[in-house]
There are 2 protein chains.
Amino acid sequence: MATGRTHRPATRSRGIPEATVARLPLYLRALTALSERSVPTVSSEELATAAGVNSAKLRKDFSYLGSYGTRGVGYDVEYLVYQISRELGLTQDWPVAIVGIGNLGAALANYGGFASRGFRVAALIDADPAMAGTPVAGIAVQHTDDLDRIISENGVSIGVITTPPGAAQQVCDRLVAAGVTSILNFAPTVLSVPEGVDVRKVDLSIELQILAFHEQRKAGEDTTAEDEGAPPMRATPTGRKGPDGDMPAVMPA
Amino acid sequence: MATGRTHRPATRSRGIPEATVARLPLYLRALTALSERSVPTVSSEELATAAGVNSAKLRKDFSYLGSYGTRGVGYDVEYLVYQISRELGLTQDWPVAIVGIGNLGAALANYGGFASRGFRVAALIDADPAMAGTPVAGIAVQHTDDLDRIISENGVSIGVITTPPGAAQQVCDRLVAAGVTSILNFAPTVLSVPEGVDVRKVDLSIELQILAFHEQRKAGEDTTAEDEGAPPMRATPTGRKGPDGDMPAVMPA
DNA sequence: ATGTCTTTGTGAACGCGTGCACAAAGATTG
DNA sequence: CAATCTTTGTGCACGCGTTCACAAAGACAT
């Protein structure tokens with residue numbers, strides 16, 4: 001098991017707050033839409049509405065990038081698109097490797113949004129020997145044994161993990177050893193990585209559970225004093241509780 | 001276009017902070033793993049490590065749920081699994097409808113993590129008439145025309161949108177009109193929903209762009225005074241700029 | 001019973017992110 | 001050139017979330 005940090009201490013990267021960085025892609029998307037409609041300039045108010053944020057927040061976000069606006073007029077759309085793209089590093093090509101070509105991995109390989117903004121699916125990797133050579137989204141799947149070579153040859157620095165949870169940490173370790181320094185993890189696992197490696201996770205199950213919480217809360221608001229449901233007898237603090245748990249089996253897996 | 005709030009003002013739901021709610025599924029997952037290994041009790045330190053968080057944060061999170069630990073011993077695993085499950089509303093069944101059965105939608109329908117924790121894929125909906133009746137993950141795809149009826153009959157309150165961006169808002173409006181109050185949006189679009197409806201978004205493109213930012217930053221750290229790249233001539237503040245933009249076309253779409 | 005040892009639960013301080021509100025800047029008009 | 005109007009950029013205050021550090025609580029040994 002790899003030992004290392006799991007959380008980056010929110011390093012204020014080059015003075016730009018993490019929260020701002022997370023919103024830049026949102027602004028960029030809205031700006032791109034305006035650009036396609038040949039809109040020359042946009043005010044912070046309009047752009048904020050399009051991006052679904054507060055206009056003051058948007059202005060403060062942009063202020064971290066520099067003074068790119070013109071008072072009394074607004075922001076030059078094309079210019080801003082370029083500045084944000086550059087800031088995000090989207091002016092260069094980012095070869096990406098997807099490891100774990102199951103349903104989700106294949107879907108991502110086919111996903112148009114991937115290739116659209118400078119990201120290029122450079123390799124598909126799977127542990128199943130039977131899949132090797134099979135073309136998915138026009139790219140031949142390669143075997144895990146060659147992972148190291150594939151990463152090096154293609155200069156991949158961003159890896160996407162769509163393996164089953166049991167394989168995720170191992171794949172992660174191998175990716176990192178091969179030189180990958182950014183990982184997008186779709187497996188429901190807490191990845192442990194060494195310092196300097198960034199990990200972002202996308203967890204469908206967690207998102208649903210958060211929604212369920214609010215949903216339950218909304219439903220419970222009607223009943224004034226909702227029935228809390230008889231809590232199951234708590235295991236006696238001392239008596240360790242029998243081996244065959246008589247606790248209600250809530251969740252199998 | 002629907003008019004309404006886009007952001008919930010972080011309503012401190014029943015006293016449990018939003019940040020804590022977002023971590024509960026993480027704890028639950030770690031606890032479930034311990035439960036399967038028949039571990040009777042766990043300390044905040046151990047559990048925190050497994051979940052990848054600070055132990056003080058974990059204790060404070062649990063303190064919002066009540067005093068479920070035993071000092072000097074730790075937490076009873078089974079009991080805590082039940083309490084968190086109940087708090088998240090996972091003791092009940094949540095029928096989910098997926099709208100937009102393309103690559104991603106089909107992958108989600110097949111995704112095991114969905115069904116595992118009380119969530120059940122109750123319906124698959126697509127706008128393509130040719131898909132109607134086709135079984136995906138053992139469920140027949142139904143046509144968008146029947147959306148309203150499908151939602152009502154199955155008592156769906158959580159909807160998942162995996163349509164192309166252009167259709168997302170319209171689908172969202174229809175889902176909300178049919179009674180859905182929680183939406184998980186995979187389309188790269190800012191959804192506008194009325195008060196009382198929760199929206200969570202999963203955006204692959206945004207995640208990659210955030211990684212690219214940090215990746216670029218890491219790469220740029222080596223070169224002491226990195227070349228900022230000649231900024232393209234800024235559009236003259238007054239002269240509105242020609243219709244055929246001579247700005248470098250950074251991002252096509 | 002008394003003491004020791006472990007671990008929880010939480011008060012308090014700190015830092016980040018958000019939003020208000022306004023002065024400064026520039027465009028535009030007469 | 002002066003006046004007016006629009007919109008940016010930001011100082012400031014507030015609230016949430018995180019983390020430290022420790023007192024209180026209970027288990028366990030003697």
Side-chain angles (χ1 to χ4, degrees), chain A residues 5-24 26-27 40-49 51-77 79-80 83 234-241, chain B residues 5-24 26-27 40-49 51-77 79-80 83 234-241:
Chain A
R5 282 285 69 65
T6 301
H7 241 30
R8 54 196 163 332
T11 43
R12 181 70 71 88
S13 313
R14 193 193 178 178
I16 301 182
E18 192 59 30
T20 295
V21 173
R23 279 189 294 269
L24 290 181
L26 228 50
Y27 302 144
T41 60
V42 65
S43 70
S44 64
E45 199 66 41
E46 294 170 303
L47 187 54
T49 303
V53 301
N54 184 298
S55 71
K57 195 189 298 188
L58 179 142
R59 286 198 299 276
K60 183 150 291 190
D61 282 342
F62 285 175
S63 77
Y64 292 115
L65 309 183
S67 287
Y68 292 153
T70 306
R71 299 180 191 225
V73 176
Y75 299 92
D76 182 280
V77 173
Y79 186 68
L80 202 45
Q83 289 299 342
R234 181 167 180 176
T236 70
T238 315
R240 300 241 144 173
K241 192 172 165 313
Chain B
R5 284 284 69 66
T6 300
H7 243 28
R8 56 199 163 331
T11 42
R12 181 69 71 88
S13 313
R14 193 195 179 180
I16 301 182
E18 191 60 29
T20 295
V21 173
R23 280 188 294 269
L24 289 182
L26 229 51
Y27 302 145
T41 61
V42 66
S43 70
S44 65
E45 199 66 41
E46 293 170 303
L47 188 54
T49 303
V53 301
N54 183 298
S55 71
K57 194 189 297 186
L58 179 141
R59 287 198 298 275
K60 180 147 289 189
D61 283 342
F62 284 175
S63 76
Y64 292 116
L65 308 183
S67 286
Y68 294 151
T70 306
R71 298 179 190 227
V73 175
Y75 299 91
D76 182 280
V77 173
Y79 187 68
L80 201 47
Q83 289 299 342
R234 181 166 180 176
T236 69
T238 315
R240 297 242 145 173
K241 195 174 163 315

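Letters A, B, ... mirror the listed sequences (proteins, then strands); counts begin at 1.
- Ring pair B/Tyr68/B/Tyr79: centre-to-centre distance below 6.0 Å.
- Residue B/Leu58 contributes atom CG, which lies 12 Å from atom P of D/dT18 at whole-angstrom precision.
- Looking at A/Ile16 and A/Leu65, their side chains come closer than 4.5 Å, going by heavy atoms from C-beta outward.
- Using a 4.0 Å heavy-atom distance criterion, B/Phe62 is classed as making no nucleic acid contact.
- Whole-Å rounding puts the A/Leu65 CG to D/dT8 C1' distance at 14 Å.
- Note on B/Tyr75: a side-chain N or O is less than 4.0 Å away from OP1 or OP2 of C/dG9.
- Proximity note for A/Ala56 (side chain, C-beta onward) versus C/dT18, C/dA21, C/dA27: the nearest is C/dA21.
- Take the nearest nucleotide of DNA chain D for A/Lys60 and for A/Gly72: the residue whose nucleotide is more 5' is A/Gly72.
- Separating the CG atom of B/Asp61 from the C1' atom of D/dT18 is a distance of 10 Å, rounded to the nearest angstrom.
- In this structure, the nucleotide among C/dC20, C/dT10, D/dT8 sitting nearest to the side chain of A/Ser44 is D/dT8.
- The side chain of A/Ser63 sits closest to D/dT10 out of D/dT10, D/dT18, C/dT10.
- Residue B/Asp76 contributes atom CG, which lies 16 Å from atom P of C/dT7 at whole-angstrom precision.
- Within 3.5 Å, no donor on the side chain of A/Arg71 pairs with an acceptor on the base of D/dT7, nor the reverse.
- A/Glu18 places its CD atom 18 Å from the P atom of D/dG17, with the value rounded to the nearest Å.
- Across the protein-nucleic acid pair, B/Arg59 atom CZ and D/dG17 atom P stand 19 Å apart, rounded to whole Å.
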Quiz item: Given the rule in the side chain to side chain contact (heavy atoms under 4.5 Å, CB included) test, do B/Arg59 and B/Tyr75 qualify, once you have shown the distances and angles that lead to the verdict?
Solution: CA-CA 10 Å; B/Arg59 287 198 298 275; B/Tyr75 299 91; 3.8 Å; yes
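- Spacing between atom NZ of A/Lys57 and atom C1' of D/dG11 amounts to 18 Å, rounded to whole angstrom units.
- Relative to the side chain of A/Asn54, the nucleotides C/dT8, C/dC20, D/dG17 differ in distance, and C/dC20 lies closest.
- For the pair A/Leu80/A/Tyr27, no side-chain contact is recorded, criterion being any heavy-atom separation below 4.5 Å from C-beta on.
- In this structure, the side chains of A/Val53 and A/Asp61 stay at 4.5 Å or more apart for every pair of heavy atoms.
- Protein atom CG of A/Leu80 is 16 Å distant from nucleotide atom P of D/dT7, rounded to whole Å.
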